Amino acid sequence: MSKKEFLSSKFNMSLGFSPVLIAMIAGEIFAQSTAIYLGASVGVIYIVATSWKKEPHLPLLILYTSAGMLLLLAATTLFLPECCPSAMFSLTLEISTLIPVWMLYLNRKYILSYQVRPSKRCNKKIFVQGAQSAIVAARVAVIFGGLHFAVILVFILMDYPLSSTARLILFRICPPTLFALTIIFNQFGIYYFNKIMKRAAFIPIVNLKGDVIGKSLAIDAFKRKSSYIHPVIRIEIISQGLLYLLPRPQSCIFDKEKTDTLLEGYLLYGESLQQGTN
C-alpha cells in the first residue's frame with residue numbers, strides 16, 4: 001500500500017469470487033468437471049499464497065466460502081461428472097456461491113463479535129477489518145444476485161418458455177458478469193474512499209509528554225473532544241500592552257460565547273509548529 005493510499009486492494013474481499021468466475025468462464029470451453037477442478041485449484045492456490053505472506057493476515061471469508069463450495073462440487077463430480085445441464089452451469093455456480101455468502105451476511109453481527117485468538121498473524125483489529133470488508137462484498141453480491149433473480153422471474157412470467165437468446169443472457173452471461181461487476185464495484189469503492197480521505201484533514205494524537213502516538217480525523221476531534229489529547233495552536237495578539245480577545249460566535253462547536261484569543265486551531269498531522277502558525 002502506497003503512502004497516499006488509506007485502503008489497499010487487499011481489502012477488496014470480492015476478489016474471493018475469482019475462482020468461481022474462472023470456473024464459469026472455463027465451463028464455456030471445457031467440461032463441467034474440468035471447469036470446477038480449475039476453479040477449485042485456483043481457490044486453493046490463492047489461499048495458500050496469501051497464507052504464506054509474513055505480513056498480518058486478513059481473514060478472506062469470501063475466498064474461503066467460494067473455494068469450499070468449489071471443493072464440494074469437485075467431490076460431487078467424482079460421482080456425477082455433469083452435475084447440471086450445460087446451459088445452467090454458470091447459474092448453478094452462482095446460486096451455490098450466493099447461498100453461503102447470504103448466510104455470511106445474515107450472521108454479520110455474530111462474525112464481527114467473534115473473539116479471535118490473538119497472534120502475530122491476526123488479532124482482533126485485523127479480523128474485524130477483514131470481516132467488515134467481507135460483509136461489504138457479500139452485501140454487494142447479494143444485491144446484484146437479487147436483481148438478477150428478479151429479472152429472471154420477470155422474464156419467466158412475461159415470456160415463458162424463454163427464447164434461446166434470453167436463456168443465453170440470463171443463465172450464461174449474467175452470472176459471470178454479476179461477479180465481475182461485484183469485484184469492479186468494490187474496487188471503485190476503495191478508490192473513491194482513498195480519494196475522499198486524501199482531502200480529509202488529520203490531527204495528531206499525543207500523550208502527556210507531547211509525543212505523537214497516532215492520528216485521527218479532524219472532524220472526530222470535535223465529536224470526541226475529551227477522548228484524546230490533541231495539540232492546539234493559540235496565538236495571542238498584544239498591542240500597546242493590551243491583549244485582544246473576542247467572544248466565540250454561536251456557530252462554534254464548543255465553548256460558545258466564551259471570550260477567548262482571536263486565533264487558535266489544531267496542529268495538523270505532520271506539521272511543525274512553524275508551519276502551523278503560518
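All residue numbers in this chain count up from 1 along the given sequence. Since the structure is predicted, the reported quantities are computational estimates derived from the model, not experimental observations.
Counting only N and O atoms by type, the side chains of Ser9 and Gln187 include a donor and acceptor under 3.5 Å apart.
Between Phe188 and Tyr192, the ring-plane angle classifies as parallel under the 30° and 60° cut-offs. Classification of the Phe179-Phe17 ring pair by plane angle, with boundaries at 30° and 60°, yields tilted.
Applying the under-4.5 Å side-chain rule to Ile, Leu, Val, Met, Phe, Trp and Tyr, the cluster around Ile184 consists of that residue alone.
In this structure, the side chains of Leu93 and Pro175 stay at 4.5 Å or more apart for every pair of heavy atoms. Looking at Glu94 and Phe144, their side chains never come closer than 4.5 Å, going by heavy atoms from C-beta outward.
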Please report the C-alpha distance between Leu168 and Ile173 in whole Å, then the side-chain angles of each, then the deciding distance to 0.1 Å, and finally whether the side-chain contact (heavy atoms from CB on, under 4.5 Å) criterion is met.
CA-CA 6 Å; Leu168 173 65; Ile173 296 179; 4.1 Å; yes

side-chain contact (heavy atoms from CB on, under 4.5 Å), that's the test. Do Phe11 and Val136 meet it? Break it down for me.
CA-CA 10 Å; Phe11 287 94; Val136 170; over 6 Å; no

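To the nearest 0.5 Å, atom CD1 of residue Ile143 and atom CG of residue Leu181 are 13.0 Å apart. Atoms CZ and CD, on Arg108 and Gln132 in that order, are 12.5 Å from each other to the nearest 0.5 Å.
Contact record, Ala134 with Met13: N-CG, 3.5 Å, taken as the closest heavy-atom pair.
One hydrophobic cluster, built from ILVMFWY side chains closer than 4.5 Å, cannot hold both Ile36 and Leu72; they sit in different ones. Taking hydrophobic clusters as Ile, Leu, Val, Met, Phe, Trp and Tyr residues chained together by side-chain heavy-atom distances below 4.5 Å, Met69 does not share a cluster with Tyr37. Grouping the Ile, Leu, Val, Met, Phe, Trp and Tyr side chains by contacts below 4.5 angstrom, directly or via other members, places Phe89 apart from Phe30.
Other residues, nucleotides and ligands contribute only 12 or fewer heavy atoms inside 6.0 Å of the CZ atom of Arg139.
Val142 is linked by a side-chain contact (heavy atoms from CB on, under 4.5 Å) to Val101, Trp102, counting only residues two or more places apart in sequence or in another chain.
Side chain of Ser66 to main chain of Leu63: no donor-acceptor pair is present (N/O by atom type, distance under 3.5 Å, no hydrogens or angles).
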